[in-house]
Amino acid sequence: MLRVLEHPLGDHIITHLRDKTTKPATFRTLAYQLTLMLAIDATRDLSTEPKEVETPLEPATGRVLTHQPIVVVAILRAGVSMVQPFLDVFPDVSVGYVGLERDHVTAVARAYYCKLPPLVGRHVFVVDPMLATGGSATQAIDAVKQHGGAAPRLVCIIAAPEGVAEVSSHHPDVSIHVGVVDRALNSRKYILPGLGDFGDRLYGT
Ligand code: PRP
Ligand code: URA
């Protein structure tokens with residue numbers, strides 16, 4: 001399942017992320033804001049239960065989240081930028097990291113690190129801003145499933161059609177939540193129009 005954010009504020013933020021004159025400090029803020037929107041959208045089916053509270057005026061019956069731990073698994077390095085929004089809004093979040101780096105020539109991702117918390121019975125969100133060939137996300141989801149994470153969700157800022165197809169074919173049970181789906185990959189497997197190298201723009205490298 002592919003779900004595209006389709007929100008005017010999301011479009012506004014993505015356009016400024018694409019702009020090559022956007023400096024790293026602003027880029028980091030925009031990445032935070034867009035991820036917050038994606039996190040809210042990707043968790044709209046979390047379960048809730050009734051709760052009685054007293055407002056200053058009278059009793060009220062509201063709803064609160066049921067106890068359901070969330071795990072965010074960030075793909076290093078750029079995925080780190082998407083962790084904090086989850087930590088800021090959800091009450092019970094733990095974080096894992098999968099280190100993957102694309103080879104500059106082949107664009108094939110090589111795994112160099114994996115540290116995951118317990119995943120069984122938890123809602124798992126794999127976060128990586130760019131879904132290009134889909135190789136990194138597919139490997140990260142492989143690792144999550146090997147550690148017992150069932151039907152994780154993938155949350156990305158920009159996806160290429162090729163990446164969506166790759167992840168969907170390897171992991172048809174994974175729902176993919178994206179800010180936007182771009183046109184295609186170029187010969188070096190960068191997303192067009194994209195925003196360039198997310199990690200470089202984030203960290204000024
Ligand atoms: C980028 C990006 C994704 C990956 C996407 O990371 O953050 O992880 O490329 O490409 P794919 O879908 O073709 O695998 P990169 O390998 O450049 O590493 P970095 O985050 O350390 O810069
Ligand atoms: N990784 C990026 O950061 N950007 C792309 O366009 C493709 C992979």
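When a ligand or atom number is given, it counts from 1 through the structure's own listing order.
- With distances taken over non-hydrogen atoms, the option nearest atom 15 (P) of ligand 1 out of Arg110, His104, Arg201, Arg102 is Arg102.
- The closest approach between any non-hydrogen atom of Gly134 and ligand 1 is below 4.0 Å.
- In this structure, atom 3 (O) of ligand 2 lies nearest to the protein heavy atom Phe198 N, 2.8 Å.
- Contact between Arg102 and ligand 2 is present, with at least one heavy atom of the residue lying under 4.0 Å from the ligand.
- In the candidate list Ala137, Ser136, Gly99, Ser136 is nearest to atom 14 (O) of ligand 1, counting heavy atoms.
- Within the 4.0 Å heavy-atom cutoff, Lys189 does not count among the residues contacting ligand 1.
- With Tyr190 as the aromatic partner, Arg102 meets the cation-pi criteria of under 6.0 angstrom to the ring centre and within 45 degrees of the ring axis.
- Side chains of Glu49 and Thr66: a donor-acceptor N/O pair is absent below 3.5 angstrom, by distance only.
- When hydrogens are left out, the protein atom nearest atom 13 (O) of ligand 1 is Thr133 OG1, 2.6 Å; that is the closest non-hydrogen contact.
- Near Ala78, meaning under 4.0 Å from any of its heavy atoms, are these atoms of ligand 1: 7 (O), 20 (O).
- The residues Asp103 and Arg110 are annotated as not salt-bridged, no charged nitrogen and carboxylate oxygen being separated by less than 4.0 angstrom.
- Counting heavy atoms of neighbouring residues, nucleotides and ligands inside a 6.0 Å radius, atom CZ of Arg188 does not exceed 12 of them.
- The Ala132 neighbourhood of ligand 2 comprises atoms 7 (C), 8 (C), with distances under 4.0 Å to a heavy atom of that residue.
- To the nearest 0.5 Å, atoms CG (Asp11) and CG (Leu5) are separated by 7.5 Å.
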(request) May I have the step-by-step check of salt bridge (Lys or Arg N to Asp or Glu O under 4.0 Å) for Asp41 and Arg153, ending in yes or no? (result) CA-CA 12 Å; Asp41 196 54; Arg153 293 174 185 194; over 6 Å; no

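- Shortest contact from atom 5 (C) of ligand 2 to any protein heavy atom: Tyr190 CD2, 3.4 Å.
- The ligand atoms of ligand 1 that sit less than 4.0 angstrom from a heavy atom of Glu101 are 16 (O).
- Residue nearest to atom 5 (C) of ligand 1, selected from Arg77, Gln139, Met130, Glu162: Met130 (by heavy-atom distance).
- The aromatic ring centres of Phe125 and Phe86 sit less than 6.0 Å apart.
- What sits closest to atom 2 (C) of ligand 1 on the protein, heavy atoms only, is Asp128 OD1, 3.6 Å.
- Defined by atom type and a distance below 3.5 Å, a donor-acceptor pair is missing between the side-chain atoms of Asp142 and His170.
- The single protein non-hydrogen atom nearest to atom 6 (O) of ligand 2 is Ile191 N, 2.8 Å, given as residue, atom name and distance.
- Taken to the nearest 0.5 Å, the CZ atom of Arg44 stands 10.0 Å off from the NE2 atom of His177.
- Ranking protein heavy atoms by distance to atom 18 (O) of ligand 1, first place goes to Leu100 O, 4.0 Å.
- Ranking protein heavy atoms by distance to atom 17 (O) of ligand 1, first place goes to Asp197 OD2, 4.0 Å.
- Taking any N or O of Ala132, backbone or side chain, at least one lies under 3.5 Å from an N or O belonging to ligand 1.
- Ranking protein heavy atoms by distance to atom 1 (N) of ligand 2, first place goes to Met130 CB, 4.0 Å.
- Hydrophobic clustering keeps Ile75 apart from Leu38 (ILVMFWY residues linked when any side-chain heavy atoms are closer than 4.5 Å, directly or through intermediates).
- By the 6.0 Å contact criterion, NZ on Lys145 is enclosed, its count of non-hydrogen atoms from other residues, nucleotides or ligands being greater than 12.
- Counting protein heavy atoms only, atom 4 (N) of ligand 2 is closest to Gly196 O, 2.8 Å.
- Contacts between Lys189 and ligand 2 below 4.0 angstrom, taking non-hydrogen atoms only, involve the backbone exclusively.
- Inspection of the Thr138 and Glu166 side chains reveals no N or O donor paired with an N or O acceptor under 3.5 Å.
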